[in-house]
Number of protein chains: 2
Amino acid sequence: MISRVLSAELAEHAGQRVKVAGWVHRRRQLKSVSFLILRDRTGLAQAVLSGDLPVEESVVEVTGTVTVNPQAPGGVELTAPEIAVLAEPAVAPPFDLYRPGVPAALPTILDHAPVALRHPALRAPFQIAAAGVAGFRSALDSLGFTEIQTPKIVASATESGANVFGIDYFGRPAYLAQSPQFYKQAMVGVFERVYEVGPVFRAEPHDTARHLAQYTSLDAELGFVRDHRDVMAVLREALAGMTEEVRRRAGQAVETLGVALPEVPGEIPSIHFTEAQEMTGEDEPDLSPAQERWLSEWAMREHGSEFLFVTGYPMVKRPFYTHPDPERPGYSNGFDLLFRGLELVTGGQRLHRHADYLAVLGEDVGPYEGYLSAFAHGMPPHGGFAIGLERWTARLTGAANVRSATLFPRDLHRLAP
Amino acid sequence: MISRVLSAELAEHAGQRVKVAGWVHRRRQLKSVSFLILRDRTGLAQAVLSGDLPVEESVVEVTGTVTVNPQAPGGVELTAPEIAVLAEPAVAPPFDLYRPGVPAALPTILDHAPVALRHPALRAPFQIAAAGVAGFRSALDSLGFTEIQTPKIVASATESGANVFGIDYFGRPAYLAQSPQFYKQAMVGVFERVYEVGPVFRAEPHDTARHLAQYTSLDAELGFVRDHRDVMAVLREALAGMTEEVRRRAGQAVETLGVALPEVPGEIPSIHFTEAQEMTGEDEPDLSPAQERWLSEWAMREHGSEFLFVTGYPMVKRPFYTHPDPERPGYSNGFDLLFRGLELVTGGQRLHRHADYLAVLGEDVGPYEGYLSAFAHGMPPHGGFAIGLERWTARLTGAANVRSATLFPRDLHRLAP
């Protein structure tokens, strides 16, 4: 039995008889000759033969002689091929997968995800996402972080009262976790530096291009920080690691989509919230989408950076566990990171003293009792951040909708496939 | 400002004045001298001084002169130290964290996880788990796999009717996914080889030492296999990668727990289910725990292996998507992997032809419609497996209860912390 060769390796086998396997990406039957373009996970390969060909998306093994042909994909093609059909499609795809462009609207793509994502341009964002996650992990691993796995079923909706999914937990009410926030903070007490890559759930009633009911959160938290600036420095390393790993592992996907990978500056420029408000002439306690776009353009103009930190958001707009700026009451040690006009990451320094939590939560800590117990046992100054993987991928690939960076999105209307 | 040095690095700084930071692991106040043992993520460091010391679990920075003392942990200690307290504990831990043994029962440990897991022996399994997951990923990355993220909220309880958690999904019924089975199979059609590390949910009504309502599943699935043997070969690589990465990254945790890491044979021995039944003199369609133990001992005796594949389980005991053995009707191309007396992994070859699914599911495919759509578009022969991370960690560390390898377990009775 001849073992399988991948299409990207074919050129190394010129003159040999080899077997490739994959899907019939395209067939072209001319009067005297037929071309079968086979697709596997590494690319395309061409076989030349005469006669009928299996329909598109048939699964085939093609055994043939690797023959140099500068006009074929990869510079070689298979001649004198024998074709074995491993599986035949029962129905045709909803659109032609072999066309360079995608002749279908997003709902059609999502409804038919198992087959639609075979299109190289629709598959590419996920190859970029996989490389990005790998880069996130390796950057944090090299900084002494420990990966953790935390519960997704929780007893109370602690992070924010609204937008939680309720569960029937053995007859008791429970909820899907909106974030691993409290668990990652508690685990700073055990491992000092932790990260988690996992699903988070938001019963998000808004039907927008940016919101999902489930997304993948890249969470990190670290102890013994001076303040939020140490957290920002780690975030910078994570982003650089993600970009670098995309360059290294997902070059073909980057090329397919024509993605321009960003430069992550050694130090990402940073402005205080109050400066941002002054520059944009606004005085709301939060930044509008238009301001975020303006600030991103400013950062590029002024600092040549596609990334910009906005620090010191007003305490009123940040969660209760946010550490205030000791020198500017009312402002926080919380930050956002803008990337190409949009908020991509939220983070900051957290409260770490037990007494400070009691002060903000009051005497009746109720559902926060378990959370607070970690702080009763001595916690270092700490902080962290969370990157939405799908949002990062969408921003990087220029997707207009975050669903294009989600294999099987979940939202207000969509629960299948 | 002096930047922080980790306790494991202290010996490199002999003679210098440095700052360490961590928790007061133990204080010993003798008549004329006091010892403060500080714990950070890399180990312990000793400071020698006179006078009162902060209580255990206080968070401190200690600045002192690194002085050689062969009797101190790591061969050095900090002399003439200055101590700054960053946070004081509000209450004492439920048991002494500095004793080598753990003087507490499992429920106490679980109830107080945020502080109990600071004990080096209770923390160690999670350092081993983190290293194991990293090894799983790097082994599969090097074999051309793509990491995926799939939905944890699903429209129907497709894998098995019972033991699912129901969710209120925007007023509609939905369920927590029991496995990424169908999604990983569908994604073989897109990426050929995929893996996912993520939570799975079982409304497990049994209160045992082996079952959890949420656990971390290391799932893999690959296309273009000959049969289940190609899947077993990949599983062997994953297990070898996991073990190797534990050795490389978690040496200290391995030493703390006295773990004997297994040798993963180049080819893991394998016996057919019917042989296993003959050897153990049973004829049920499944193996009992006693048989699993016996077979593990046999594999060690006969093959010097702590791992054993049992192949060819009867079709009646395997899920509907299992591929039958073409040569032995009634038996499957499914396998289990036994490790140290217990089933650790389940896997096998799956059906891949659309017609075969229609044949087993009948005309009214109902909730499987979305699942089947992938197979309607041409799927290669494929198979995969799933490793329970907590079960692997527990088995490796000799833990009697899988909860000792779960940061915050979820079960019939436990929903907090």
Side-chain angles (χ1 to χ4, degrees), chain A residues 4 21 23 40-41 57-59 86-91 93 114-115 117-118 123 127 130 133 144 146-153 155 165-170 174 183 186 189-192 198-199 214 216 224 352-354 370 373-374 376-381 407-408 410 412 415-417, chain B residues 4 21 23 40-41 57-59 86-91 93 114-115 117-118 123 127 130 133 144 146-153 155 165-170 174 183 186 189-192 198-199 214 216 224 352-354 370 373-374 376-381 407-408 410 412 415-417:
Chain A
R4 180 189 183 196
W23 288 262
D40 69 15
R41 70 177 187 268
E57 296 312 303
S58 298
V59 181
L86 302 180
E88 285 171 3
V91 295
V115 60
L117 297 176
R118 297 179 184 182
R123 180 179 65 183
Q127 295 167 317
V133 180
T146 300
E147 182 176 4
I148 58 172
Q149 319 287 340
T150 68
K152 304 308 161 201
I153 303 176
F165 289 111
I167 311 175
D168 173 5
Y169 190 76
F170 299 114
Y183 292 105
V190 175
F191 304 102
E192 291 186 26
Q214 175 191 324
T216 305
F224 298 100
H352 62 282
R353 289 189 187 84
H354 191 241
S373 73
H377 292 289
M379 285 288 279
L407 289 176
F408 298 95
R410 291 293 178 261
L412 190 52
L415 183 54
Chain B
R4 181 189 182 196
W23 287 264
D40 68 16
R41 71 177 186 270
E57 295 312 303
S58 297
V59 181
L86 302 180
E88 286 171 3
V91 295
V115 61
L117 298 177
R118 296 179 184 183
R123 180 180 64 183
Q127 294 166 318
V133 181
T146 300
E147 182 176 5
I148 58 171
Q149 319 286 340
T150 68
K152 304 309 161 200
I153 304 177
F165 290 111
I167 311 174
D168 173 5
Y169 191 74
F170 300 114
Y183 293 105
V190 175
F191 304 103
E192 289 186 28
Q214 175 191 323
T216 305
F224 298 100
H352 63 280
R353 288 191 188 82
H354 190 241
S373 73
H377 293 289
M379 285 287 280
L407 289 175
F408 298 96
R410 291 292 178 263
L412 192 53
L415 183 54

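The chains referred to below are lettered A, B, ... by the order of the sequence lines, with proteins before strands, and numbering in each begins at 1. The analysis underlying the following values was restricted to heavy atoms, covering all of them including side chains, and did not include hydrogens, waters or symmetry mates.
- To the nearest 0.5 Å, the span separating CZ on R41(B) from OG1 on T146(A) amounts to 8.0 Å.
- Only the side chain of P199(B) comes within less than 4.5 Å of a heavy atom of chain A; its backbone N, CA, C and O stay farther away.
- Closest approach of P151(B) and F408(A) over heavy atoms only: CG-CB, 3.4 Å.
- When each of V115(A), V133(A), T150(A), I148(A) is scored by its heavy-atom pairs under 4.5 Å with chain B, the top score falls to V115(A).
- The distance from atom CD of Q214(B) to atom NZ of K152(A), rounded to the nearest 0.5 Å, is 6.5 Å.
- Within the 4.5 angstrom heavy-atom criterion, only side-chain atoms of R353(B), from C-beta onward, approach chain A.
- The shortest distance between side-chain heavy atoms of V59(B) and F224(A) falls below 4.5 Å.
- Of the possible polar contacts, none joining the Q149(A) side chain to the L407(B) backbone as a donor-acceptor pair under 3.5 Å is found.
- Here the closest heavy-atom approach between residue F165(A) and residue D168(B) is recorded as CD2-O, 3.5 Å.
- No other option in E192(B), E147(B), H352(B) has as many heavy-atom pairs under 4.5 Å with chain A as E192(B).
- When all heavy atoms of W23(B) and P380(A) are compared, the closest pair comes out as CZ2-CD, 3.5 Å.
- In terms of heavy-atom proximity, A90(A) sits nearest to H354(B) at CB-ND1, 3.5 Å.
- Side-chain contact between P114(B) and H377(A): absent, with no pair of heavy atoms (C-beta onward) separated by less than 4.5 Å.
- The part of P381(B) that comes within reach of chain A is its side chain, from C-beta onward, which places non-hydrogen atoms under 4.5 angstrom from that chain.
- Ranked by heavy-atom pairs under 4.5 Å with chain A, the list A416(B), G166(B), S373(B) is led by G166(B).
- Minimum interatomic distance between A174(A) and L415(B) (heavy atoms only, all atoms of both residues): CB-CD2, 3.9 Å.
- Judged purely by atom type and a 3.5 angstrom limit, R410(B) uses its side chain to pair as donor or acceptor with the backbone of I153(A).
- Of all heavy-atom pairs between R118(B) and A374(A), the closest is NH2-O, 3.7 Å.
- Distance alone, capped at 3.5 Å, places no donor-acceptor pair between the E57(B) side chain and the A376(A) backbone.
- Here the straight-line distance linking atom CG of L412(B) with atom OH of Y169(A) works out to 7.5 Å at 0.5 Å rounding.
- Contacts between S58(B) and chain A at a heavy-atom distance below 4.5 Å are absent for every atom of the residue.
- Of the listed residues (E88(B), Q127(B), M379(B)), the greatest number of heavy-atom pairs within a distance under 4.5 Å of chain A belongs to M379(B).
- Interface check for chain A: of the options G198(B), A130(B), G370(B), G189(B), the most heavy-atom pairs under 4.5 Å are formed by G189(B).
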